[in-house]
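To find a chain, count down the sequence lines: A is the first, B the second, and so on, and within it residues start at 1. Since we're looking at a predicted model, the values are computed, not measured.
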2 protein chains.
Amino acid sequence: MALDRRSGCPINLSLEVFGDRWSLIILRDMIFGGRRHFRELLNGSIEGIASNILADRLKRLMELGMLTKADDPSHKQKAIYSLTEMAITLVPILAHLGAWGRVWLPTSEELSIRAELLEQGGPPMWEKFMDELRHEHLGIPLDTAGPSVRATLQAAYQAVVAKKAADASPAA
Amino acid sequence: MALDRRSGCPINLSLEVFGDRWSLIILRDMIFGGRRHFRELLNGSIEGIASNILADRLKRLMELGMLTKADDPSHKQKAIYSLTEMAITLVPILAHLGAWGRVWLPTSEELSIRAELLEQGGPPMWEKFMDELRHEHLGIPLDTAGPSVRATLQAAYQAVVAKKAADASPAA
DNA sequence: TCATCTGCTTGCATTTTGCAATCAGTTGCA
DNA sequence: TGCAACTGATTGCAAAATGCAAGCAGATGA
């Protein structure tokens with residue numbers, strides 16, 4: 001499935017790549033959720049993607065050069081999907097998208113804490129995150145130390161979830 | 001037409017607002033093309049939007065709070081569409097989208113010059129542009145002087161078109 | 001008077017989506 | 001060895017979205 005090429009406008013072409021309801025959700029789950037397998041993406045999706053749509057989008061994203069697929073040595077039927085540099089450079093767009101949504105839309109607190117931290121971190125944090133993704137997905141050596149950006153975001157998410165649970169049942 | 005609310009994730013909610021093939025195209029034409037009327041959007045769209053889709057999206061964007069509609073005093077049948085602050089703050093996202101598309105997708109030279117300038121200008125230029133849009137669409141006083149960002153982008157576009165035409169027929 | 005323009009609707013064919021069931025092969029465990 | 005669970009998908013079908021062409025009533029300008 002190639003691009004429609006309705007026009008050569010960069011915004012239009014970008015929309016033709018991920019201007020649908022699922023492609024960016026899948027990439028979001030791979031980037032921020034660290035998911036690499038079909039089932040992880042299928043069952044881990046809070047939005048509830050259907051398996052045929054997931055299969056179709058993975059195929060399409062591969063054809064567009066956003067993903068690659070490799071055999072998982074631990075299981076003959078498992079496939080590992082990897083982000084390409086093309087997909088990794090979407091991080092700033094996802095950060096902006098999250099920041100905008102957090103301001104204007106009825107987001108939930110626990111799901112928007114990541115967007116908030118990512119916005120506060122700004123371009124330096126995005127760059128660090130992209131380097132981590134390059135390491136994970138492309139095998140490029142990583143020279144930064146300390147906790148990963150994803151782990152930091154994930155910890156903040158867990159903290160909000162824990163706090164909300166504590167608030168809901170204050171009995172010790 | 002309200003949000004689906006598949007989840008409270010800010011990225012997901014943003015996609016539910018403009019994660020389709022036309023909403024952002026319409027906003028792009030209003031923001032960068034300065035279009036305010038139905039027919040301008042219909043006939044000026046290089047991607048060729050259909051009139052029923054345009055009508056549906058304008059209605060939806062109004063319901064979502066991205067646009068408002070007012071009577072045009074010059075013509076009893078004309079309506080003027082205006083961007084809200086919610087839509088104006090999409091400028092940085094559109095800038096990133098354009099920058100990403102310019103790198104990774106087969107854009108045309110004349111249609112990507114605006115994205116290039118907008119990327120070079122960075123956040124200061126985006127802020128200036130947003131102030132201009134607030135002036136145009138919300139009536140907020142403008143204190144910056146000099147040529148508008150849109151005029152600058154438009155002039156660059158025209159220059160590329162002229163250059164290409166000259167290259168195609170070099171005879172003086 | 002009359003062609004043109006205004007925003008927008010209608011009808012209909014095609015495409016995309018969502019949902020549930022299913023598939024063939026692989027694996028881990030008893 | 002047997003068998004349930006898991007692997008990445010595919011299939012069939014209904015519902016929804018999209019694309020296209022035509023049309024609409026009222027307003028405007030010459």
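- Following rounding to the nearest Å, L15(B) (CG) and dT17(C) (C1') show an atom-to-atom distance of 16 Å.
- Between R36(A) atom CZ and dT7(D) atom C1' there is a gap of 17 Å when expressed in whole angstrom units.
- If you take CG of L41(B) and C1' of dC8(C), they are 13 Å apart, rounded to a whole angstrom.
- Each salt bridge (Lys or Arg N to Asp or Glu O under 4.0 Å) pair with one or both residues in residues 37-46 of chain B, not counting sequence neighbours, would appear here, but there are none.
- If one axis is set at each end of the helix from dT1(C)-dA30(D) to dA30(C)-dT1(D) from five pairs, those axes are 10° apart, to 10°.
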Does the side-chain contact (heavy atoms from CB on, under 4.5 Å) test come out yes or no for Y81(A) and R36(A), once each step is laid out? CA-CA 5 Å; Y81(A) 289 94; R36(A) 308 290 296 266; 5.6 Å; no
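- For R57(A), the salt bridge (charged side-chain N to carboxylate O under 4.0 Å, His left out) partners at least two apart in sequence or on another chain are D20(A).
- Under the rule for a side chain to side chain contact (heavy atoms under 4.5 Å, CB included), V103(A) has no partner lying at least two apart in sequence or in another chain.
- Between Y81(B) and dC8(C), a side-chain N or O to OP1/OP2 separation shorter than 4.0 Å is present.
- For DNA chain C, the neighbouring residues in residues 16-32 of chain A, judged by any heavy atom under 4.0 Å, are W22(A).
- Listed by chain and number, the residues in a side chain to side chain donor-acceptor pair (under 3.5 Å) with D71(B) amount to none (sequence neighbours excluded).
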Expected string for nucleotides 19-30 of chain C under the B/S/- scheme (protein heavy atoms, under 4.0 Å, primed atoms plus P, OP1, OP2 as sugar-phosphate) is B-B--BBSS---
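- Residues passing the ring-ring contact (aromatic ring centres under 6.0 Å, His included) test with W126(B), sequence neighbours excluded: H96(B).
- We find that CG of L61(B) is positioned 13 Å from P of dC8(C), with the value rounded to whole Å.
- For A55(A), the side chain to side chain contact (heavy atoms under 4.5 Å, CB included) test picks out F38(A), with sequence neighbours left out.
- Remark: D131(A) pairs with R134(A) by the side chain to side chain donor-acceptor pair (under 3.5 Å) rule, at least two apart or across chains.
- Looking at residues two or more places apart in sequence or on another chain, you find a side chain to side chain donor-acceptor pair (under 3.5 Å) between S7(A) and N12(A), E47(B).
- One finds the CZ atom of F18(A) at 4.5 Å from the CG atom of L97(B) (value rounded to the nearest 0.5 Å).
- F32(B) meets the ring-ring contact (aromatic ring centres under 6.0 Å, His included) test with F129(B); sequence neighbours excluded.
- Rounded to an integer number of Å, the gap from CD1 of I53(A) to C1' of dT11(D) is 13 Å.
- When the C1' atom of dG8(D) is taken as reference, atom CG of L54(A) falls 9 Å away, rounded to whole Å.
- At dA9(D), one or more side-chain N or O atoms of K69(A) fall inside 4.0 Å of OP1 or OP2 (strictly under the cut-off).
- Note: CG (D72(B)) to C1' (dT6(C)) measures 10 Å, nearest angstrom.
- For F38(A), whose side chain is taken as the heavy atoms from C-beta onward, the closest listed nucleotide among dA9(D), dG18(C), dC8(C) is dA9(D).
- Rounded to whole Å, atom P of dA9(D) lies 13 Å from atom CD1 of I49(A).
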